[in-house]
Amino acid sequence: MRGSVAGIISEALKAARQDGSITSADEVNVIIEKPKLPKFGDYSTNIAMLLAPKEKRAPRDIAAQLAEKIAASDTVDKSEVAGPGFINIFLKPSYWTGVLMEVLEMDGDFGTSEYGAGKKVQVEFVSANPTGPLHIGHGRGAAVGDALANILKAAGFDVTKEFYINDAGKQVKNLGESVDLRRREYLGEDIELGENHYKGDYIKDIALTYLKHQEEGGVLGGSSSIEDFACEAMLSLVRTDLAAFGVEFDEWFSESSLDKKIDEAIEELREKGHVYDKDGAVWFRTEALGDDKDRVLIKADGERTYFASDIAYHRDKLHRGFEGLVDIWGADHHGYEARVRASLKALGYDDSLLSIIFIQMVSLMREGVPVQMGKRSGEFITLRHVIDEVGRDACRYFFLMRKADAQLDFDLELAKKEATENPVYYVQYSHARICSILDHASAKSVKLPTEVTDISVLSPLSSQGDIELIKKLSAFEELVTKCAEDMEPHRVTYYLQELAGAFHSYYNANRIVSEEEKDVTTARLYLCVAVRTVIANGLRLLGVSAPEKM
RNA sequence: GCGCCUGUAGCUCAGCUGGAUAGAGCGUCGGACUACGAAUCCGUAGGUCGGGGGUUCGAAUCCCUCCAGGCGUACCA
């Protein structure tokens, strides 16, 4: 779409250079945009304004020469010079029916591109400690990570989704102890929970399950420690919740599997001269690489820090051949970024291959009033609770409505409302509505062939309304690549709301199925099919269903 | 103190590498179903883009500074 407009412009520039009206041979970073106002055309470019300083001539003068050459293209209806030197390009309706044809042909693939060129990227997200159920913050990370992975895939990247299991540190030990204490409690002992022990009811559940397994003389009786058992149980809970949320990972990477690799990583840093000993601890010279201060890798007591395993983990990712890394972290970890980047640089990598997306806080609301979360009891609102209450679709959509690094108010009541004010229903409704229109049409025995073979079938689509809607569809392709480039899945929700809105307006303004005008009906039904396709493709990127009935 | 994020309509937020008259939803107010789903649509009102400088043909967008809010600044994980 935009590509071919860019082609028209560069052809015009080439022609101008050939006939000598443009003399500078410098590359210019041309911007092609879609003007807000229809009188400024379908596309507009600032190329003349960029050339003006190089040519040392008035922008409007240059624009006039280029506009003439642009108008010569057979897809261009007319081309005008406006304002300080914009060139506004008006395309022929046949251009737009061509676009519609493309949507229909590509169907489920419309929106995909080769932008990523098969580059291997890894998206690591959620990575929650297996010490408790997932809460809503994890849910937001899961929704963003999964949607981003879908978008990157659509944009032509080779994507791997990974969950990093923190199963080596002290917190897993605390988990094991917590379960063990509850186990002994069930056996009649008096117990006292320490400050670091987990107090949620899920701990009791695990303790009970453990006892049951023991009674049955299960496999876990001897070989496996209660700590491993608890960790496994927690993980399976996490997997279940993620499955309920529709999120699947390609890899589950265990921190404990790193072990020797941590020493290797430290050794490599030492060889490269980034490590020194002080006060009985081993330090990493991160300050020289952009961090606020140097960091400890091995504590005076001999334990390796969490940071040390994180270095080893990222090193391992790169050894696995990923050319791009995406880490999705809670916003409270942003202080961590500088040291991780420092470690990549120290290991000899360009740290720009790592992108970190920070997930800001979610405030749960109920009709505008914040939902209290008992901090003392340690009872967070779990992701599972929210999925069960508002449904998976609404939950995912709401998590994706704001850009990741902006705080999000999640109103449970709004998410459940089946009304205009709820964007999920608004978008899904447009899909269901189209399905219903198509049913209606076939009941009236207006049948569409499975494939459009002749573009002239679409030629009745020439009104302003028809063209506007097709334009909206065409924007989807570049939206997807843009979202991939900037790693901002939230824009898909805005786009879908706009497209759904455009369709609803169109529907109210135009009779689609009409028995008198068969040609118009057929063409419009194809337009409906294309809108439905794009809505479905967009929702699929978000991991939200596209219902045929609601 | 230093660092990161945020500040756009009454509310919640979009605004792509600087572009032409700053947008949407909700909420206000007023309209539209004897035809395809009114879970919809149409219209109306509402803004010194936190303040002040600068860069240029042109700034919500880039730079500096100040103000306000959030978060982070561990030999914790």
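Just so we're on the same page: letters track the sequence lines, and every chain starts at 1.
- Applying the Watson-Crick and G-U wobble criteria (two distances, each under 3.5 Å), B:rG23 pairs with B:rC13.
- Atom pair A:N508:CG and B:rA38:P shows a separation of 7 Å (rounding to whole Å applied).
- Nucleic acid contact class of A:S505 (heavy atoms, under 4.0 Å, all strands): sugar-phosphate only.
- We find that CD of A:Q497 is positioned 12 Å from C1' of B:rU12, with the value rounded to whole Å.
- Between A:Y429 and the phosphate of B:rC41, there is no side-chain N or O to OP1/OP2 separation shorter than 4.0 Å.
- Straight-line distance between the C1' atoms of B:rG50 and B:rU8: roughly 10 Å, to the nearest whole Å.
- Among the protein residues, A:A82 comes within range of the nucleic acid bases, having at least one heavy atom under 4.0 Å from a base atom.
- Ion pairing of A:E389 with A:R366 is present here, as a side-chain N (NZ or NE/NH1/NH2) and a carboxylate O approach within less than 4.0 Å.
- Applying the salt bridge (Lys or Arg N to Asp or Glu O under 4.0 Å) test to pairs two or more places apart or on separate chains, those with a residue in residues 392-405 of chain A are A:D146-A:R396.
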Practice problem: Please step through salt bridge (Lys or Arg N to Asp or Glu O under 4.0 Å) for the pair A:D277 and A:R270, ending with a clear verdict. | Solution: CA-CA 10 Å; A:D277 301 298; A:R270 193 184 283 281; 3.5 Å; yes

Practice problem: Take A:E413 and A:K417 through the test salt bridge (Lys or Arg N to Asp or Glu O under 4.0 Å) and record every step on the way to the result. | Solution: CA-CA 6 Å; A:E413 295 306 320; A:K417 260 184 206 161; over 6 Å; no

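- Comparing the C1' positions of B:rC49 and B:rA9 gives a spacing of 10 Å, expressed to the nearest Å.
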Quiz item: Which letters describe nucleotides 70-77 of chain B, given B = protein heavy atom under 4.0 Å from base, S = only from sugar-phosphate, - = neither?
Solution: SBS-SBSB

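- Residue contacts shown for A:A509 are absent, as no nucleic acid heavy atom lies under 4.0 Å away.
- Within 4.0 Å (heavy atoms only), A:N88 reaches at least one base atom of the nucleic acid.
- Comparing the P positions of B:rG54 and B:rG69 gives an interatomic distance of 28 Å, to the nearest angstrom.
- Whole-Å rounding puts the A:I434 CD1 to B:rA39 P distance at 16 Å.
- Here, B:rU56 and B:rC13 have their P atoms 36 Å apart, quoted to the whole Å.
- Between B:rC29 and B:rG15, the two P atoms lie 31 Å apart (nearest whole Å).
- The 5' end of RNA chain B is approached more closely, in terms of each residue's nearest nucleotide, by A:E337 than by the other of A:E488 and A:E337.
- A:E33 has its CD atom 13 Å from the P atom of B:rU17, to the nearest Å.
- Within the 4.0 angstrom heavy-atom criterion, base atoms lie near A:E548.
- Atom C1' of B:rU12 sits at a distance of 16 Å from the matching atom of B:rG47, rounded to the whole Å.
- Nucleic acid contact class of A:K39 (heavy atoms, under 4.0 Å, all strands): base.
- The nearest whole Å value for the distance from the OH atom in A:Y495 to the P atom in B:rG15 is 16 Å.
- Nearest to the side chain of A:P35, among B:rU6, B:rG19, B:rA20, sits B:rA20.
- The distance from atom NE2 of A:H504 to atom C1' of B:rG37 is 10 Å, rounded to the nearest whole Å.
- Looking at A:R524 and A:Y506, their side chains do bring a donor and an acceptor atom within 3.5 Å of each other.
- Pair check for B:rG58 finds none; no Watson-Crick or G-U wobble contact set falls under 3.5 Å.
- Here B:rC2 sits opposite B:rG72 as a Watson-Crick or G-U wobble pair (both hydrogen-bonding atom distances under 3.5 Å).
- When atom types are taken as modelled, the side chain of A:D466 and the backbone of A:S463 share a donor-acceptor pair closer than 3.5 angstrom.
- Using a 4.0 Å heavy-atom criterion, one finds that A:S44 contacts the bases of the nucleic acid, with or without backbone contacts as well.
- A glycosidic torsion no more than 90° from 0 defines the syn conformation, and B:rC33 adopts it.
- Aromatic pair A:F163/A:F125: ring centres not closer than 6.0 Å.
- In the set B:rA14, B:rG19, B:rG37, B:rG37 carries the atom at the smallest distance from any side-chain atom of A:M550.
- Among A:V492, A:N422, A:V424, the one residue that satisfies the side chain to side chain contact (heavy atoms under 4.5 Å, CB included) test with A:Y397 is A:V424.
- Separating the P atom of B:rC11 from that of B:rC67 is a span of 24 Å, rounded to the nearest Å.
- Residue A:R511 places a side-chain atom within donor-acceptor reach of the base of B:rA35, judged by atom type and a 3.5 Å distance cut-off alone.
- Of the candidates B:rU12, B:rG19, B:rC36, B:rG19 carries the atom nearest the A:M49 side chain, counting heavy atoms from C-beta on.
- Between A:R285 and A:D294, none of the side-chain N atoms (NZ, or NE/NH1/NH2) sits under 4.0 Å from a carboxylate O, so this pair counts as no salt bridge.
- Residues A:Y336 and A:W329 form a side-chain contact, since some pair of their non-hydrogen atoms from C-beta on lies under 4.5 Å apart.
- Pair assignment for B:rG7: B:rC67, on the basis of Watson-Crick or G-U wobble contacts that are both within less than 3.5 Å.
- Heavy atoms of A:R491 sit under 4.0 angstrom from primed sugar atoms or phosphate atoms, though from no base atom.
- RNA chain B is contacted by both A:H440 and A:F358; A:F358 maps to the nucleotide lying nearer its 5′ end (nearest heavy atom per residue).
- Taking side-chain N and O atoms only, A:H490 has a distance below 4.0 Å to OP1 or OP2 of B:rG15.
- What separates CG of A:L496 from C1' of B:rG25 is a distance of 15 Å, to the nearest Å.
- Side-chain proximity of A:Y425 to the nucleotides B:rG37, B:rA14, B:rA39 is greatest for B:rA39.
- In this structure, of B:rA35, B:rU12, B:rC16, it is B:rC16 that holds the atom nearest to the side chain of A:K482.
- Looking at heavy-atom distances under 4.0 Å, A:K549 makes contact with a base.
- Here A:I437 lies in heavy-atom contact (under 4.0 Å) with sugar-phosphate atoms only.
- Applying the side-chain hydrogen bond (donor to acceptor under 3.5 Å, both in side chains) rule to A:E516 yields no partners; only residues at least two apart in sequence or on another chain are considered.
- Rounded to an integer number of Å, the gap from A:F40 CZ to B:rA20 P is 9 Å.
- Stacking between A:Y494 and B:rA14 is absent: the aromatic ring centre is not both under 5.5 angstrom from the base six-membered ring centre and within 30 degrees in plane angle.
- The same atom, C1', is picked in B:rA14 and in B:rA22; the two are 11 Å apart, to the nearest Å.
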